[in-house]
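Below you'll find the structure, written out as structure tokens, and then a few comments.
The shown structure was predicted, so the numbers you read here are calculated from the model rather than taken from an experiment.
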Amino acid sequence: CPYPTQISRRTKWQQMNLMNQNSTYQPWLMLGIRSALFLAFQGLIALGFRLTGSPNAWDSSAACWPWVVILADLVCLALLIHFYRREGSSFWNLFRLERQYVKQDLCFLFGFLLIAGPLGYLPNLWSARWLFGDPQIALDLLVRPLPAWAAISSFALFPLLQGLVEIPTYMLFTLPRLEAQGLHPWLAVLLTSFFLSAQHIFAPFLPDVRFITYRLVMFLPFSVLIALVMRARPRLMPYIALIHVLMDLSVAGLFLTVMH
């Protein structure tokens, strides 16, 4: 499907190069910053546990990973708003619904969901079974008891911020700007897909090879799919954001079942 305004590939690249002539570092910064922030915020929480006498501060901090993601999302949201403003645009334009394409986009989304559902779920299940023998073991490492205030607040904030920030960071900000700097399209897609998937290693980070491998591969096929879709149809972002929020509501809801 063509973009709303038909422009040649060369013209698009010229526009992107113009926007980024003084901001070469920005897409590379956003490529890795979420992983770095996850690790940094978990480290700060672990330090807090350590100072209060916790015998296993790092393991205790792993339970707080939804709030680690919330804090990182807030930082990334501020950066995205700032970077788009410097380019003379607005971050919030990414979520503007193009009404003339609604029927066409909804049909496309139906097909997308038929593929994305199994692609997002089955690698998660299979990798957990392969690495741990029982997927419940992986789930118990991921979903740990939180105080009621932390579980309830993360249920309210985590899905919303993830829907606003995660996919736009990698696929609407970083990916096209890497291409504009001359990176081959397939390399840009694979690089952003890898970092989107690999960030999960640090949410939470546990020094366990099986868990690290599990978190690395569980979303890798889905990450490649979402990169290809968003590169081809960036106007789908409002729908993808809503789907993302609903998906992460189910994740955040798990913490409500084990809060104390």
Side-chain angles (χ1 to χ4, degrees), residues 31 34-35 38 65-66 68-70 72-73 76 94-95 105-132 134-143 154-155 158-175 186 188-206 210-257:
L31 190 64
R34 289 176 59 81
S35 298
F38 292 164
W65 72 265
V68 164
V69 173
I70 288 169
D73 279 340
C76 290
L94 300 180
F95 305 96
D105 289 342
L106 288 176
C107 290
F108 181 89
L109 279 170
F110 179 75
F112 166 76
L113 290 173
L114 288 178
I115 300 172
L119 205 60
Y121 175 72
L122 293 177
N124 183 349
L125 181 66
W126 290 341
S127 59
R129 185 169 292 153
W130 168 53
L131 291 162
F132 296 98
D134 182 356
Q136 187 62 42
I137 297 174
L139 184 62
D140 290 342
L141 288 171
L142 193 61
V143 180
S154 65
F155 180 78
F158 174 80
L160 177 62
L161 286 170
Q162 281 287 88
L164 284 175
V165 175
E166 187 173 51
I167 300 303
T169 295
Y170 291 103
M171 304 311 169
L172 295 187
F173 185 83
T174 301
L175 174 57
W186 271 109
V189 165
L190 292 176
L191 195 60
T192 50
S193 300
F194 175 79
F195 273 86
L196 172 58
S197 185
Q199 66 169 337
H200 293 88
I201 294 172
F202 305 100
F205 179 75
L206 297 174
R210 292 182 305 167
F211 189 74
I212 290 172
T213 305
Y214 166 66
R215 293 294 276 165
L216 173 63
V217 303
M218 63 187 293
F219 291 123
L220 191 55
F222 178 80
S223 297
V224 175
L225 175 64
I226 198 67
L228 293 172
V229 168
M230 295 311 298
R231 183 180 183 274
R233 297 197 180 194
R235 69 167 186 259
L236 293 177
M237 192 62 243
Y239 308 100
I240 297 297
L242 178 60
I243 293 168
H244 198 172
V245 169
L246 295 175
M247 289 172 55
D248 281 344
L249 271 174
S250 66
V251 176
L254 294 174
F255 287 89
L256 299 179
T257 66

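Nearest heavy atoms, Leu119 versus Pro221: CD2-O, 3.6 Å. For Pro123 against Val217, the heavy-atom pair with the smallest separation is CB-O, 4.4 Å. Of all heavy-atom pairs between Phe155 and Gly253, the closest is CD1-N, 3.7 Å. When every heavy atom of Ala252 is checked against every heavy atom of Ser154, the shortest pair comes out as CB-O, 4.2 Å. Scanning all heavy atoms of the two residues, the minimum distance from Leu236 to Met230 falls at C-CE, 4.4 Å.
Contact of the Tyr239 side chain with the Leu106 side chain is registered, since non-hydrogen atoms from C-beta on lie closer than 4.5 Å. Taking the side chain as every heavy atom from C-beta outward, Leu254 and Leu139 approach each other to under 4.5 Å.
The one candidate from Leu175, Ile226, Val224 that meets the side chain to side chain contact (heavy atoms under 4.5 Å, CB included) condition with Ser193 is Val224.
Of the inter-residue distances, the one linking Ser35 atom OG with Phe205 atom CZ reads 11.0 Å to the nearest 0.5 angstrom. Here CG of Asp73 is found 7.5 Å from CD of Glu166. Values are rounded to the nearest 0.5 Å. In this structure, CZ on Arg210 lies 8.0 Å from CG on Leu141, to the nearest 0.5 angstrom. Taken to the nearest 0.5 Å, the CG atom of Leu109 stands 11.0 Å off from the CG atom of Leu114. Atom CH2 of residue Trp186 and atom CG of residue Leu228 lie 5.0 Å apart, to the nearest 0.5 angstrom. Between the OG1 atom of Thr213 and the CE atom of Met218 there is a distance of 12.5 Å, given to the nearest 0.5 Å.
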- Query: Where do Phe211 and Ile201 land on the side-chain contact (heavy atoms from CB on, under 4.5 Å) test, with the steps shown first?
  - Reply: CA-CA 8 Å; Phe211 189 74; Ile201 294 172; over 6 Å; no
- Task: Go through the steps to decide whether Leu31 and Thr192 satisfy the test side-chain contact (heavy atoms from CB on, under 4.5 Å), and finish with yes or no.
- Result: CA-CA 7 Å; Leu31 190 64; Thr192 50; 3.9 Å; yes
- Task: Apply side-chain contact (heavy atoms from CB on, under 4.5 Å) to the pair Val229 and Phe108, showing each step before the final yes or no.
- Result: CA-CA 10 Å; Val229 168; Phe108 181 89; 3.9 Å; yes
- Message: Assess the residue pair Leu196 and Thr169 against the criterion (side-chain contact (heavy atoms from CB on, under 4.5 Å)); give the C-alpha distance rounded to whole Å, side-chain angles, the decisive distance to 0.1 Å, and a yes or no.
- Response: CA-CA 9 Å; Leu196 172 58; Thr169 295; over 6 Å; no
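Not a single donor-acceptor pair under 3.5 Å links the side chain of Gln162 to the backbone N or O of Pro159. A donor-acceptor pair under 3.5 Å is absent between the side-chain atoms of Arg34 and the main chain of Ala72, judged by distance alone. Using modelled atom types, no side-chain atom of Thr174 and backbone atom of Met171 make a donor-acceptor pair closer than 3.5 Å. Ser197 places a side-chain N or O within donor-acceptor distance of the main-chain N or O of Leu216, the cut-off being under 3.5 Å.
Ring geometry for Trp65 versus Phe158: interplanar angle over 60°, hence perpendicular rather than tilted (30 to 60°). Aromatic ring pairs are classed by plane angle as parallel below 30°, tilted from 30° to 60° and perpendicular above 60°; the pair Phe112 and Phe222 is tilted.
Counting heavy atoms of neighbouring residues, nucleotides and ligands inside a 6.0 Å radius, atom CZ of Phe95 exceeds 12 of them.
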